[in-house]
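Written below as structure tokens is the structure these notes are about.
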Amino acid sequence: FPSHDRVSDIAALVMIQRQVGIPINEVVESDSEYDTEEDKEVAKLVEAIALDAYSVPLYNTEQYKRQAVVQFTNEVFVSCMKTVSTTKVY
């Protein structure tokens, strides 16, 4: 599974794409385009993140767009941390 930093980087990129108006179908690519299992897992992660990102409104001002990116990235990072911490066995 990708690191928290990698997941939050993906989240930021997807939300930036959302806020500049790129259609979701251009953000989410088919699993068949990937060669390795790791690539396929990342593609599934991008798809899940995109579904959440594209439920956020497309804002008109640069300030709101930046805020949306930061807020969404933080939410995904925290969610990733919670997921990993609940699956670890101590």
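- Cluster membership check: V78 does not share its hydrophobic cluster with V14, using side-chain heavy-atom separations under 4.5 Å among Ile, Leu, Val, Met, Phe, Trp and Tyr.
- You'll find the side chain of L45 stays beyond 4.5 Å of the side chain of R6, heavy atoms only.
- With sequence neighbours left out, P57 forms a side chain to side chain contact (heavy atoms under 4.5 Å, CB included) with Y59.
- Side chains of D52 and S55: a donor-acceptor N/O pair is absent below 3.5 angstrom, by distance only.
- Checked by atom type and distance alone, the side chain of T73 pairs as donor or acceptor with a backbone atom of V69 at under 3.5 Å.
- Cluster membership check: V70 does not share its hydrophobic cluster with V56, using side-chain heavy-atom separations under 4.5 Å among Ile, Leu, Val, Met, Phe, Trp and Tyr.
- Residues D9 and L13 fail the side-chain proximity criterion, which asks for heavy atoms closer than 4.5 Å.
- I22 places none of its side-chain heavy atoms less than 4.5 Å from the side chain of R18.
- Side-chain contact between V7 and I49 is present, with at least one heavy-atom pair separated by less than 4.5 Å.
- Closest approach of I24 to Y54, counting heavy atoms only: N-CE2, 3.7 Å.
- Atoms CG and NZ, on L58 and K65 in that order, are 5.0 Å from each other to the nearest 0.5 Å.
- With a 6.0 Å radius and a threshold of 12 heavy atoms from other residues, nucleotides or ligands, E38 has its CD atom at or below the threshold.
- Applying the side chain to side chain contact (heavy atoms under 4.5 Å, CB included) test to D5 and every residue at least two apart in sequence or in another chain returns S3, F77.
- Residues E26 and P23 meet the side-chain proximity criterion, which asks for heavy atoms closer than 4.5 Å.
- Looking only at side-chain heavy atoms (C-beta outward), I10 and V42 come within less than 4.5 Å of each other.
- Side-chain contact between E47 and K44 is absent, with no heavy-atom pair separated by less than 4.5 Å.
- With rounding to the nearest 0.5 Å, the separation of OG in S8 from CE in M15 is 13.5 Å.
- With rounding to the nearest 0.5 Å, the separation of CD in E62 from CD in Q19 is 9.0 Å.
- The nearest pair of heavy atoms linking M81 to H4 is CA-CE1, 3.5 Å.
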